[in-house]
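Shown next, in structure tokens, is the structure this report addresses.
Residue numbers count from 1 along this sequence.
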Amino acid sequence: MIENAYIAPVVGAEITSGHVIVDGGRIAALGAGPAPARAGAERIDAAGCLVTPGLVNTHHHLYQWASQGLYQDSTLFEWLTGLYRTWARMDAEVVYGAAAAGLGWLALSGCTTSSDHHYVFPKGRGDLFEAEVRAAAELGLRFHPCRGSMDRGQSDGGLPPDEVVERTDDILTGTAETIDSYHDPSFDSMLRVAVAPCSPFSVSETLMRESAKLARDKGVRLHTHLAETLDEEEHCLEQMGCTPVEYMEKIGWLGDDVWFAHAVHLHDKDIRRFADTGTGSAHCPTSNARLGAGIARVTDLLAAGAPVGLGVDGSASSELTSMAGEMRQAMLFQRAVHGPTALTARQALELGTLGGARNLGRHTEIGSLEVGKLADIAVWRVDGFRAAIADPVCSLVFGPTPPLARLLVGGRTVVADDELRTVAQDSVASAGAAARRRLMRAEESR
């Protein structure tokens, strides 16, 4: 049980000094004042701390941990064309090390649930999907890996080189097998799979349509990149004769089982369609700024009632970005465009928690502190220097990421006193560095 904490449950009133009781991996009670006595229960004194739901990351490319710091001044298309062939050299060992480091870094910034969009599957390099699933299981994070794909290479008018794309039939067969092997739809699931062809400029219309049919037949969610840059809009207008969102609607890709990454360049009618259909988006402010892509219309999406969550995006376009830091970036970017009332600290916290849970279809299970929900909980230290900020939520969102006193996933401690406890922290950091060395050696030898 956690007690003596300031509690920001996201849903419901905040509690200035209260408790949260965890039993069987779920929240059994929360309220004001000391926790009632429970024989044998571990008591966590959270005086000087803020308690929130664990953060939910709804867009990432974990393998990119091994290719950080490259093409630092490039646009998205320049960056992609520069890195596709590097990524084609990855193997399962690279993916495991990159995923372990990337997920460990997320946990240290308060993240309890992360998606991942893996869309490069070079042949003969081992089981890349299994490698990242294994890393997440060892760390103890709730994981939503997306089986990505590309089947439209340069010879078919796509952006990626032909050597990094797969055959459409192989993709659909492999995706179905992945869902059957890994997807767990249970309430307290630690592992769910989504279907995620990469983007309109790297995937055929046939694959987009068949992926949607497969996902809906299997009862899983759909994810892809969309409207990230103006280059993408120009590509769609030239090759599809319509805007990216019009294309998605045409091929049956709008709905409450879909969330898009980025969604930066939306027209007013696009926002209305997102809201009307319940289509979600993952806002990735740091990556969008790093690549000069623009600022998503988050304020307008929220005002329309469309679901919006946050994503750190791949580490190679968002180096060492923390999940907590994305709440701050999201808030500041909207204020830079629309003024100081555009997005509040509490709205930013909701984007990073319940908004992300909605994107993943898990808002009844995670994303807020409510009795019966899973005990995915972050306990942030807001004392010491931070005590000068009277509002603990302001301290979390406006300032640098506070230290983590505790991070619980299903009631299990993953981080304590700013250190990973499920795995050796130094080992996962070293695994990430080793993954980069291995990938770069493979690139140099090609």
Side-chain angles (χ1 to χ4, degrees), residues 61 63-64 66-67 70-71 74-91 94-95 117-126 128-129 146-178 195-215 222-253 260-262 265 291 293 314 316-317 439 442-446:
H61 306 291
Y63 70 87
Q64 292 180 12
S67 58
L70 303 176
Y71 299 92
S74 298
T75 65
L76 173 67
F77 278 18
E78 292 167 345
W79 177 86
L80 284 170
T81 54
L83 284 167
Y84 277 135
R85 287 190 169 90
T86 299
W87 296 334
R89 304 292 179 259
M90 79 175 89
D91 60 12
V94 168
V95 172
H117 188 183
H118 191 105
Y119 56 85
V120 182
F121 289 90
K123 290 184 181 297
R125 303 299 175 87
L128 276 58
F129 201 89
C146 305
R147 205 301 184 178
S149 54
M150 299 189 294
D151 72 340
R152 186 167 170 251
Q154 289 173 348
S155 63
D156 293 322
L159 188 68
D162 290 349
E163 68 189 81
V164 301
V165 303
E166 300 173 88
R167 293 178 62 253
T168 307
D169 289 346
D170 291 343
I171 290 167
L172 293 169
T173 299
T175 302
E177 290 173 350
T178 297
V195 177
C198 184
S199 64
F201 52 82
S202 62
V203 173
S204 68
E205 182 175 329
T206 297
L207 180 56
M208 292 297 292
R209 290 184 182 275
E210 290 300 315
S211 292
K213 182 178 185 301
L214 172 63
L222 285 163
H223 183 53
T224 192
H225 298 92
L226 193 73
E228 185 173 358
T229 66
L230 290 173
D231 288 341
E232 180 185 329
E233 174 137 344
E234 292 169 5
H235 178 92
C236 286
L237 288 169
E238 178 183 334
Q239 299 208 13
M240 289 84 164
C242 56
T243 67
V245 175
E246 288 170 343
Y247 178 59
M248 289 296 112
E249 184 158 31
K250 170 187 167 186
I251 61 176
W253 263 74
F260 296 122
H262 304 297
H265 297 282
L291 294 168
S317 67
L439 182 62
E443 169 67 5
E444 290 164 4
S445 64
R446 74 180 174 93

Original post:
Less than 4.5 Å apart, any side-chain heavy atom of P122 and any of L128?
Top reply: yes

Original post:
Of all heavy-atom pairs between V195 and S211, which one has the smallest distance, and what is that distance?
Top reply: CG1-CB, 3.7 Å

Original post:
Which heavy atom in P161 sits nearest to a heavy atom in R85, and how many Å separate them?
Top reply: CB-NH2, 3.4 Å

Original post:
So do the side chains of T168 and E210 get within less than 4.5 Å of each other, counting heavy atoms only?
Top reply: no

Original post:
Does C242 reach the side chain of E249, with side-chain heavy atoms less than 4.5 Å apart?
Top reply: no

Subject >> Carboxylate-amine/guanidinium proximity below 4.0 Å for E205 and R209 >> reply: yes

Subject >> S199 versus S202, side-chain donor and acceptor atoms under 3.5 Å >> reply: yes

Original post:
Should L291 and T75 count as side-chain neighbours, where that means a heavy-atom distance under 4.5 Å?
Top reply: no

Original post:
Which heavy atom of P197 sits nearest a heavy atom of T224, and at what distance?
Top reply: O-OG1, 2.6 Å

Original post:
W253 and A212: which non-hydrogen atoms are nearest, and at how many Å?
Top reply: NE1-CB, 3.6 Å

Subject >> Which atom of A316 lies closest to which atom of S67, heavy atoms considered >> reply: CB-O, 3.4 Å

Subject >> Donor-acceptor under 3.5 Å (D162 side chain, Q154 main chain) >> reply: yes

**OP:** Without swapping roles, check the side chain of R125 against the backbone of R89 for a donor-acceptor pair under 3.5 Å.
**Re:** yes

Original post:
Under a 4.5 Å cut-off applied to non-hydrogen side-chain atoms, are M90 and V120 in contact?
Top reply: yes

**OP:** Search all heavy atoms of H223 against all heavy atoms of A261 and return the closest pair with its distance.
**Re:** CE1-N, 3.6 Å

Original post:
Any side-chain heavy atom of L76 sitting closer than 4.5 Å to one from L80?
Top reply: yes

Original post:
Are L172 and L207 close enough that some pair of their side-chain heavy atoms sits under 4.5 Å apart?
Top reply: yes

Original post:
After noting the C-alpha distance and the side-chain angles of H118 and Y63, does the key distance pass the ring-ring contact (aromatic ring centres under 6.0 Å, His included) rule?
Top reply: CA-CA 7 Å; H118 191 105; Y63 70 87; 5.0 Å; yes

Original post:
Do H117 and Y119 have ring centroids that are under 6.0 Å from one another?
Top reply: yes

**OP:** Report the relative orientation of the aromatic rings in F77 and H235; use parallel for angles under 30°, tilted for 30 to 60°, perpendicular for over 60°.
**Re:** perpendicular

Subject >> side chain to side chain donor-acceptor pair (under 3.5 Å) involving S149 - partner list, sequence neighbours excluded >> reply: none

**OP:** Would you give the length of the straight line joining atom CE of M150 to atom CG of L159, rounded to the nearest 0.5 angstrom?
**Re:** 9.0 Å

Subject >> Side chain proximity check, E232 to L226, heavy atoms < 4.5 angstrom >> reply: yes

**OP:** Using the ring-ring contact (aromatic ring centres under 6.0 Å, His included) rule, take F201 and H225 through it: C-alpha gap first, then chi angles, then the decisive distance, then the call.
**Re:** CA-CA 10 Å; F201 52 82; H225 298 92; 7.6 Å; no

Original post:
Checking side chain to side chain contact (heavy atoms under 4.5 Å, CB included) against V165, which of C198, S155, P160 comes through?
Top reply: P160

